[in-house]
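Letters A, B, ... are given to chains in the order of the sequence lines, protein chains preceding strands, and every chain is numbered from 1.
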Amino acid sequence: MTSSSSPGISLKQEGISYIAGADLPALIVNVQRGGPGLGGIQPSQSDYFQATKGGGHGDYHLIVLAPASVQEMADLTIKAFDLSEKYRVPTMLLADGTMGQMMEPVELPEIAPKESEKPWAVRGTKMEREHNIINSLYLKPEILEKTNFERFERYKAIEENEAMYEEYMMDDAEICVVAFGIAARVSKNAVTAARKKGIKVGLIRPITLWPFPKEALKKAADKVKGFISVELSMGQMIEDIKLSTECKKPVELCNRTGGMIPTPEEVLASIEKLAKEAK
Amino acid sequence: MTTQILIAGFGGQGVLFAGKFIAYKGLIENKEVSWLPSYGPEMRGGTANCSIIISDEPVGSPIVSNPDVLIAMNLPSLDKYEKEAKPGSLIFVDSTLIERKVERGDVKAFYIPATKMAMDAGIPTLANMIIVGKVLKETEGLSKDNLEEAMKKVVSAKRIELLDMNIKAIEAGYNY
């Protein structure tokens, strides 16, 4: 396990790519701050592309989990280790400065120690089996292609089985706000306020950013009039929303960047604007 | 009921500590609570503020932009946040450091010469807790219960002698 905040994570990208190429489990925690470059030290979500689309070089993915509370910081850390071991894929906990600094009540779950088989581990053969070799260098293209194909089979299984999200007031929603992490906390306040004004709006909060909860978005696209992506970036997750929904409905962006956080009022204004336009 | 509290001042005035104390007191009293600091890279100087929410409901956004209770420990903080406070909110001002009065008519202002009181009492670093004492007295839903238990959560066990001084400061503010 390793952790840093934004610039430090950029420095780690070469190693992360090697870990992915060597099929090793690992947990990387990124408590995001504003960028690019040295940027600032206030909360941000602008490493979304880096986390979900690769980050380092080569054909690979990380499993990316996005906590929205201190409780989830604890719970998803456990989940991240389990997923990483299960699929031999490095996992990233993508938090932000508020999650990193805030305090709220948390119940630390009892964790029973788990025995996990690691037939690939490099820990001595007792002369009973072939050597295990952990490597990410494959100079024969046929072999490298084969290992990439095999890895993408695992990615497929992850996409089919591990997408996580929370829905809030989506049953009769005509507008769907999509937000993760701190942006989801702010958006929830805005959704509650909009409901009081009679606007039928709900929230989908992706808990896994990769795999992205495509099915939930796709389903929502059939019934809502439009989406609002609330992000602490110039608009990154919005692309995954458009891809998941095949651009069937308009997707608006409500964002702040550079360490600023949208207020519930700003999100509410965005909801009201879309509600008016969608009529 | 939900009480949104914003404490703001210079770094080093104990803004975050005061907030932590209030949050832990809420936790002990079985409330839903959140505490979120915001400050620059400096240890001292610069500006620091912290958002505390004490509620009967689960806390949504932990960011307080329109407080029910504002504690202004210096002039820039009052200038910045006075206009953000909710109508009907309570604004607590350290009147040793802030000469001007609260301009809004739709809020209730309290002026406590906390920095001077702290100096006079020989506890110069505890102006923050003197104001907290006044906040506990004037704010609906807050009280003087569980002071010691909450203080134990925020004062390091190695420096337990600070516990009595902090409680003394709270009492002084409460009785002001």
Side-chain angles (χ1 to χ4, degrees), chain A residues 5 7 31 33-34 38-44 67-73 95-107 166 168-169 177 179-196 203 205 230 232 256 259-269, chain B residues 2-7 11 15-43 46-68 80-81 83-87 149-150 153-154:
Chain A
S5 88
V31 182
R33 48 186 265 194
L38 279 178
I41 61 163
Q42 302 301 333
S44 167
S69 64
V70 177
Q71 185 66 52
E72 277 192 353
M73 290 287 276
D96 62 70
T98 53
M99 292 301 134
Q101 289 187 304
M102 74 184 284
M103 297 202 306
E104 56 185 357
V106 56
E107 274 178 44
E166 179 199 346
Y168 178 66
M169 296 195 164
V177 175
F180 65 96
I182 184 65
R185 296 276 291 256
V186 174
S187 297
K188 219 175 211 181
N189 283 25
V191 166
T192 308
R195 282 277 174 178
K196 278 186 192 149
L203 171 73
R205 175 175 74 91
V230 183
L232 276 62
R256 296 297 297 267
M260 299 300 290
I261 301 173
T263 61
E265 291 72 29
E266 284 169 336
V267 180
L268 177 61
Chain B
T2 298
T3 308
Q4 304 206 6
I5 305 169
L6 186 67
I7 313 180
V15 164
L16 307 185
F17 180 90
K20 258 188 208 176
F21 169 78
I22 294 172
Y24 268 111
K25 197 167 120 51
L27 185 67
I28 289 165
E29 289 161 9
N30 286 322
K31 302 284 186 185
E32 301 283 346
V33 301
S34 68
W35 173 91
L36 175 70
S38 174
Y39 49 85
E42 315 87 350
M43 273 293 273
T47 57
N49 67 62
C50 87
S51 296
I52 305 108
I53 300 178
I54 313 273
S55 181
D56 297 320
E57 313 280 322
V59 175
S61 169
I63 303 154
V64 173
S65 31
N66 305 108
D68 302 298
K80 185 169 176 192
Y81 295 114
K83 56 184 180 294
E84 309 294 343
K86 273 188 205 144
E149 207 183 330
K153 296 275 187 190
V154 287

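Contact check for A:P264 versus B:I63: no side-chain heavy atoms found under the 4.5 Å cut-off. Counting only heavy atoms from C-beta outward, the side chains of B:S51 and A:M102 never approach each other to under 4.5 Å. Counting only heavy atoms from C-beta outward, the side chains of B:V59 and A:R185 approach each other to under 4.5 Å. With a 4.5 Å cut-off on side-chain heavy atoms, A:E104 and B:L27 do not count as touching.
Using a 3.5 Å distance cut-off with no hydrogens or angles, the side chains of A:Q101 and B:Y39 do pair a donor with an acceptor.
The environment of A:M169 atom CE is dense: over 12 non-hydrogen atoms of other residues, nucleotides or ligands sit within 6.0 angstrom. Environment of NZ in B:K153: sparse, with no more than 12 heavy atoms of neighbouring residues, nucleotides or ligands closer than 6.0 Å.
Residue B:S65 comes nearest to A:T263 through the heavy atom pair OG-CG2, 4.3 Å, listed as atom of the first residue, atom of the second, then distance. The shortest non-hydrogen separation linking A:N189 to B:S61 is OD1-N, 3.1 Å.
Both the backbone and the side chain of B:S34 come within less than 4.5 Å of a heavy atom of chain A.
In this structure, CD1 in A:I261 is found 7.0 Å from CG in B:L36, a value given to the nearest 0.5 Å.
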